[in-house]
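Have a look at the structure below before the remarks.
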2 protein chains.
Amino acid sequence: MPASHNPKQNQLLAALPAADYERLLPHLEPVTLPLGLVVFESGSKLRHLYFPASGIVSLLYAMEDGASTEIAVIGNEGVVGIALFMGGESTPSRAVVQSAGHGYRLKAAVLKTEFELGGPLQHLLLRYTPALIAQMTQTAVCNRHHAVDQQLCRRLLLSLDRLPSNKLTMTQELIANMLGVRREGVTEAAGNLQEAGLIRYSRGHITVLDRPKLEAQVCECYAVVKREMDRLLPDKTAC
Amino acid sequence: MPASHNPKQNQLLAALPAADYERLLPHLEPVTLPLGLVVFESGSKLRHLYFPASGIVSLLYAMEDGASTEIAVIGNEGVVGIALFMGGESTPSRAVVQSAGHGYRLKAAVLKTEFELGGPLQHLLLRYTPALIAQMTQTAVCNRHHAVDQQLCRRLLLSLDRLPSNKLTMTQELIANMLGVRREGVTEAAGNLQEAGLIRYSRGHITVLDRPKLEAQVCECYAVVKREMDRLLPDKTAC
DNA sequence: CTCCAACCGTACGTTGACGCACAGAGCGTC
DNA sequence: GACGCTCTGTGCGTCAACGTACGGTTGGAG
């Protein structure tokens, strides 16, 4: 297995003690996560728990009228499909690969068995959950109170945190769907950022030129979520 | 203990097998939940897990500028402080009693011990979590896409589901804080509902006159959440 | 009974986002 | 190297919600 494909690229897997990791390893099935892949559909039965190693997965909720909103963003710091180990077998939201990459997955049955052991894996997964919840609640707050410009900043930073480079691949149309706003609204907000020299934009390719300024402009929502993530998933995660 | 004060009024406690319930009983400390009580403050250490038996607790997030948004509503179907059994010791949100009642609480240490046993209590709490998450995500969606009128309907139904009568006690000011909108916006929306004969409103007292019509007018968000609650917390919850 | 505080209703200008419509601009393809 | 598709920019009119300001009503306290 090449160095670029190592389960330990996922921070939760990396935080497992050696013994637990070794036991899990044979069950970790490598998967590629091409852009647009639907990891699981709204309401359908969950068959695997996914550990992204690279790339980004979005949790989306699509309404009856077709409009959608992104609920959370998951990269190599987390897992996709938390309902699985909580005894739910499906969720009303949908998981879509929003930035291509790869990862590993665990069969539902294996996960369940391992989880029931009550060891480090259980603790890690449980500890991750409130961090994810923080992200969801902050999404709700941001949707209510903040302007599109700020939400765009937040969204860019969320992706940036989960990618190795300062280049993002996402069209304005895509961003609009994630934020649940008009495409034109994103055009305008992105134009402002470009004007101010924070990003460069071109046909689906965004280069972040000045991250500090981006952080200066984003709403508090970003920091709140990041703090929770850092707090609950430190290197020193004691299990 | 009078019949009106029974831990089994909380649906999660009621769903516990007799043996587990009996073991827990000595540790369940009765608490009254007066209107406005802050069950726990944003960022502070959680000391107890609360099981509401009557009344309603709101999970709120307050922003730096003082504006706030309600994230979720918890009645006797759930528990307040889920971060506790997931290994978090605090949350960025705040829990406030929004309709007076009473309940029971469990010390953090006791909860932790019981949870680690991996028995029915653990399963029940874990199963409740995705239902709560569904409520949070749907709040995010609703905030983004739906008009104040519909959100008011949703909010009224959420309270109605958790109270024995069709009378709610909440001022428009309070509702506005929960929905994160202007008080005047609530005045208008409530006026519409009153006009249509669905509710009667008077100085902090709302009487729901026609629940079916209210349900006909509410956005899909309400049904989505209710379905998740019913699915994950049926009477027959097998543990 | 009177007064006061809390609660509710209304009004008006402002604004941010929407819906729609269309014009340019880059990139791949044949 | 021209065509076509996708992506981005712009320009309207419309509208829901906002901020602000004030008047009216009600219920309880003294």
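Computed from a predicted structure; not experimentally measured. Atoms considered below: every heavy atom in the structure, side chains included; atoms not considered: hydrogens, waters and symmetry mates. In what follows, chains carry the letters A, B, and so on, assigned in the order in which the sequence lines appear, proteins first and then strands, with residues in each chain numbered from 1.
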What pairs meet the salt bridge (Lys or Arg N to Asp or Glu O under 4.0 Å) rule with one or both residues in residues 62-72 of chain A, with sequence neighbours excluded?
->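 Every salt bridge (Lys or Arg N to Asp or Glu O under 4.0 Å) pair that includes a residue of residues 62-72 of chain A, provided the two are not neighbours, is Glu70(A)-Arg155(A).
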
Which pairs with one or both residues in residues 206-220 of chain B pass salt bridge (Lys or Arg N to Asp or Glu O under 4.0 Å), sequence neighbours excluded?
-> Asp161(B)-Arg211(B), Asp210(B)-Lys213(B), Arg211(B)-Glu215(B)

Those residues that, when tested against [X], pass side-chain contact (heavy atoms from CB on, under 4.5 Å) (two or more places apart):
| X | value |
| --- | --- |
| Arg182(B) | Glu184(B) |
| Ala72(B) | Leu59(B), Leu132(B), Gln135(B), Met136(B) |
| Ser99(B) | Ile56(B), Leu163(B) |
| Val31(A) | Leu33(A), Tyr50(A), Arg105(A) |

Between Gln217(B) and Arg154(B), do the side chains contain an N or O donor and an N or O acceptor separated by less than 3.5 Å?
->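 The criterion, which ignores hydrogens and geometry beyond distance, is not satisfied for Arg154(B) and Gln217(B).
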
Determine whether the side chains of Ser54(A) and His102(A) contain a donor N or O and an acceptor N or O closer than 3.5 Å.
->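 Yes, a side-chain donor-acceptor pair sits under 3.5 Å.
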
Rounded to whole Å, please give me the gap between [atom1] in [X] and [atom2] in [N].
| X | N | atom1 | atom2 | value |
| --- | --- | --- | --- | --- |
| His145(A) | dA17(D) | NE2 | P | 14 Å |
| His205(B) | dC7(C) | NE2 | P | 10 Å |
| Leu179(B) | dC18(D) | CG | P | 10 Å |
| Asp65(B) | dG19(D) | CG | C1' | 14 Å |
| Met170(A) | dC7(D) | CE | C1' | 15 Å |

The helix from dC1(C)-dG30(D) to dC30(C)-dG1(D): angle between its terminal axes, five pairs each, to 10°?
->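 Inter-axis angle at the ends, rounded: 30°.
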
If every non-hydrogen atom of Gly81(B) is compared with every non-hydrogen atom of Leu49(B), which pair is closest and at what distance?
->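 Distance-wise, the nearest heavy atoms are O-CD1, 3.4 Å.
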
Quick one: what's the B/S/- string for nucleotides 9-19 of chain C, heavy-atom cutoff under 4.0 Å, read 5' to 3'?
-> BB------SBB

For every nucleotide of nucleotides 24-30 of chain D, 5' to 3': is a protein heavy atom under 4.0 Å from its base (B), only from its sugar-phosphate (S), or from neither (-)?
-> -BBS---

Might you list the N or O atoms of the protein lying below 3.5 Å from N or O atoms in nucleotides 2-4 of chain D, with each pair's distance?
none

Could you give the side-chain donor-acceptor pairs of residues 195-206 of chain A under 3.5 Å, partners two or more places apart or in another chain?
{"from": "Tyr201(A)", "atom 1": "OH", "to": "Met170(A)", "atom 2": "O", "distance (Å)": "3.4"}
{"from": "Tyr201(A)", "atom 1": "OH", "to": "Gln172(A)", "atom 2": "N", "distance (Å)": "3.3"}

Ignoring hydrogens and geometry, is there a side-chain-to-backbone donor-acceptor pair from Thr139(B) to Ile71(B) under 3.5 Å?
->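 Judged by distance alone, yes, a pair lies under 3.5 Å.
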
Main-chain N/O of Pro52(B) paired to Asn76(B) side chain as donor or acceptor, under 3.5 Å = no

Could you list the residues that satisfy salt bridge (charged side-chain N to carboxylate O under 4.0 Å, His left out) with Glu41(A), not counting sequence neighbours?
-> Arg94(A)

